[in-house]
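Since the structure comes first, as structure tokens, the remarks are kept for the end.
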Amino acid sequence: MRCVVVGAGAREHALAWGLAHSAQVTVTPGNDGMRAAGLFCTSASPLDLTADLFVIGPETPLVAGLADRLRAQGKIVFGPNEDGARLEGSKAYMKELLAAANVPTADFGTFDNPDEAIALLRRFSPPYVIKTDGLAAGKGVLVTTSLAEAEADVRAKLSGDAFGDAGSRVVIEEGLAGEECSLLVLCDGERAVPLVPAQDFKRAGDGDRGPNTGGMGALAPLSVMTPALVNQVMHDIVEPTMRELRRQGIEYRGVLYAGIMLTSSGPKLLEYNVRFGDPETEVIVPLFADDLSEILFAAANGTLTEPPRFSTQAAVTVVLAAEGYPTSPRYGEIISGLGEDGQLRDPVDGVTVFHAGTRRNEQGDFVTAGGRVLTITAVADSVESARDQAYRAATTVTFPGRVMRTDIARSVV
Ligand code: AMP
Ligand code: GLY
């Protein structure tokens with residue numbers, strides 16, 4: 001099978017790596033780390049490429065209708081059309097759909113007027129949750145126990161300075177408490193099947209302190225997410241959502257990422273993303289026991305049958321980020337500890353390096369070129385071993401200002 005992967009980050013590196021076990025893969029545009037690992041990267045538009053399967057990684061092209069345009073050319077595409085991608089493109093639309101489908105989620109209100117938003121905030125108890133309505137790369141959410149900080153955030157977001165158009169409306173939510181889980185499901189327009197449950201670590205600092213980021217690490221499987229809970233989420237959250245999408249005439253083919261809070265009154269939906277999670281993909285793909293290209297093709301083609309099978313091992317990934325991430329990352333620092341193939345110079349068992357934001361300079365050195373720079377994944381027989389191996393590897397890869405959490409998956413082992 002020939003596959004095209006669209007995107008340039010560690011998620012796309014992991015997808016391309018997984019697909020390349022059985023398929024011939026082209027990545028557009030890809031990055032220098034993927035190229036070094038032997039993956040074919042091109043700057044050609046996916047609209048000008050030919051393949052049996054197109055896999056779209058990031059949300060931005062999905063929200064902009066890339067899947068629609070590829071499908072209009074008769075191509076088989078993994079990723080929803082623009083109509084389905086609104087689930088991530090607009091939190092207000094998502095919350096309205098959840099209400100229509102009767103899906104358990106936090107109470108909320110949507111506002112473009114700061115005084116009305118603040119009036120609802122004052123009715124809720126802490127923590128206060130303020131989200132920009134549009135796409136903000138995981139950085140548009142504030143969760144705080146300080147009402148003053150929450151009010152200031154509402155005013156800052158609605159002033160349009162922080163997120164431009166994406167911030168012209170805010171969603172105010174009831175704060176939920178509990179363990180978070182990322183349950184990604186594959187959808188073929190009719191059926192939805194779950195992948196191995198994962199958890200990401202969104203805050204920038206150890207102990208879940210600091211600002212929300214795109215994610216600083218991840219692990220899978222997540223043992224608190226038992227098979228019974230997965231069934232409950234499928235039944236109470238994912239299936240009603242799929243029915244409501246179909247009722248609205250939306251045929252959703254791709255991955256639906258359910259961000260779940262396991263509250264004392266059961267699982268509740270925090271958010272939907274319409275693409276693979278990053279860095280969750282970097283722990284989910286290495287655990288696939290079935291052929292990734294076959295299963296993504298089946299979802300894209302409307303012919304999904306059984307849920308994919310996963311290895312009984314565990315995976316942990318640790319993100320190395322640039323100084324200043326998530327607000328103002330510094331680029332261009334030389335990375336040491338990588339070989340010619342972009343992998344560890346001193347290999348560690350079970351470890352793969354996925355490149356998020358790197359490029360090669362004229363001397364051939366890898367340098368930092370993004371807020372998240374590298375994700376280092378280890379697969380082992382237990383979460384504890386995977387964690388040890390991921391950190392053993394991560395400490396050998398350095399660059400000035402490197403930021404890395406030291407407690408990824410620690411509470412689990
Ligand atoms: P989102 O982009 O909507 O997933 O929000 C990013 C992160 O903010 C989530 O992963 C949670 O950690 C946190 N969060 C979002 N909504 C809530 C909520 N209603 N209550 C508590 N925490 C939340
Ligand atoms: N890891 C969070 C996300 O992909 O949105």
Side-chain angles (χ1 to χ4, degrees), residues 7 9-12 14-15 57-60 62-63 87-95 98 103-110 120-121 124-145 150 153 157 163 166 170-184 195 197-204 208-220 222 255-265 267-285 317-319 321 326 354 356 371-372 375 405 408:
R11 163 185 48 212
E12 288 76 26
L15 286 167
E59 61 276 19
T60 306
L62 291 166
V63 170
L87 272 181
E88 179 164 359
S90 166
K91 289 198 190 278
Y93 168 74
M94 174 194 72
K95 292 296 265 188
L98 297 181
V103 168
T105 186
D107 282 345
F108 74 103
T110 307
L120 180 65
L121 267 182
F124 283 151
S125 36
Y128 304 101
V129 181
I130 300 112
K131 303 184 177 184
T132 53
D133 181 35
L135 291 181
K139 296 159 208 151
V141 178
L142 177 73
V143 182
T144 176
T145 52
D153 188 62
K157 280 183 174 143
F163 293 98
V170 293
V171 175
I172 304 293
E173 281 187 18
E174 165 200 20
L176 300 177
E179 187 89 28
E180 267 188 76
C181 173
S182 305
L183 188 70
L184 279 63
L195 303 184
Q199 186 169 55
D200 80 338
F201 294 76
K202 288 205 174 71
R203 298 289 187 127
D208 286 333
R209 295 203 182 80
N212 267 310
T213 69
M216 296 297 291
L219 79 111
L222 183 66
V255 65
L256 182 65
Y257 163 144
I260 304 286
M261 189 75 93
L262 299 172
T263 75
S264 53
S265 51
K268 293 195 177 178
L269 189 85
L270 287 173
E271 63 157 352
Y272 276 132
N273 295 315
V274 299
R275 36 82 194 166
F276 280 100
D278 193 353
E280 287 92 332
T281 308
E282 293 93 298
V283 289
I284 292 173
V285 166
T317 199
V318 174
V319 171
F354 297 115
R372 288 187 290 182
T375 72
R405 277 184 63 162
I408 301 301

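Atoms considered below: every heavy atom in the structure, side chains included; atoms not considered: hydrogens, waters and symmetry mates. For ligands, and for the atoms within them, numbers begin at 1 and follow the listed sequence.
Of the listed residues (Leu142, Val129, Ile260), the one carrying the non-hydrogen atom nearest atom 18 (C) of ligand 1 is Val129. Which of Arg203, Glu173, Lys131 comes nearest to atom 15 (C) of ligand 1 through a heavy atom is settled by distance: it is Lys131. Across Leu184, Thr213, Asp200, heavy-atom proximity to atom 1 (N) of ligand 2 is greatest for Asp200.
Residues Phe108 and Val129 form no side-chain contact, since every pair of their non-hydrogen atoms from C-beta on lies 4.5 Å or further apart. Using a 4.5 Å heavy-atom cutoff, the side chains of Ile408 and Leu219 are not in contact.
Contacts between Glu180 and ligand 1 below 4.0 angstrom, taking non-hydrogen atoms only, involve the side chain exclusively. When non-hydrogen atoms are compared, ligand 2 lies under 4.0 Å from neither the backbone nor the side chain of Glu88.
Taking every non-hydrogen atom of Gly277 and a distance limit under 4.0 Å, the qualifying atoms of ligand 2 come out as 4 (O). Atoms of ligand 1 found under 4.0 Å from any heavy atom of Glu271 (numbered from 1 in listed order, with element): 1 (P), 2 (O), 3 (O), 4 (O). Near Arg275, meaning under 4.0 Å from any of its heavy atoms, are these atoms of ligand 2: 3 (C), 4 (O), 5 (O). Close approach to Gly175 involves these atoms of ligand 1, each under 4.0 Å from a residue heavy atom: 20 (N). Near Lys91, the atoms of ligand 1 lying under 4.0 angstrom from a non-hydrogen atom of the residue are 1 (P), 2 (O), 3 (O). Under a 4.0 Å criterion applied to the non-hydrogen atoms of Gly214, ligand 2 contributes the atoms 1 (N), 2 (C). Heavy-atom proximity to Asn273, at under 4.0 Å, picks out these atoms of ligand 2: 5 (O).
A pairwise comparison of heavy atoms in Val283 and Ala198 identifies CG2-CB, 4.4 Å as the closest pair. Contact between Pro326 and Pro211 at its shortest, heavy atoms only, is CD-CG, 3.9 Å. Nearest heavy-atom pair across Val63 and Gly89 is CG2-CA, 4.0 Å.
With sequence neighbours excluded, the residues forming a side-chain hydrogen bond (donor to acceptor under 3.5 Å, both in side chains) with Glu173 are Lys131, listed by chain and number. For Ala92, the side-chain contact (heavy atoms from CB on, under 4.5 Å) partners are Ser90, Glu96, Thr110, Asp133, Arg169, not counting sequence neighbours.
In this structure, Leu222 CG and Glu280 CD are separated by 11.0 Å, a value rounded to the nearest 0.5 Å.
Of the polar atoms of Glu280, at least one N or O is found under 3.5 Å from an N or O of ligand 2, judged by distance alone. The N/O atoms of Leu176, backbone and side chain alike, include one that comes under 3.5 Å of an N/O atom in ligand 1. Polar contact with ligand 2: absent for Glu271 (N/O pair, distance under 3.5 Å).
Between the Arg11 side chain and the Arg275 main chain, no donor and acceptor come within less than 3.5 Å of each other.
For the side-chain contact (heavy atoms from CB on, under 4.5 Å) criterion with Val255, the lone passing option out of Val274, Leu184, Thr281, Ile284 is Leu184.
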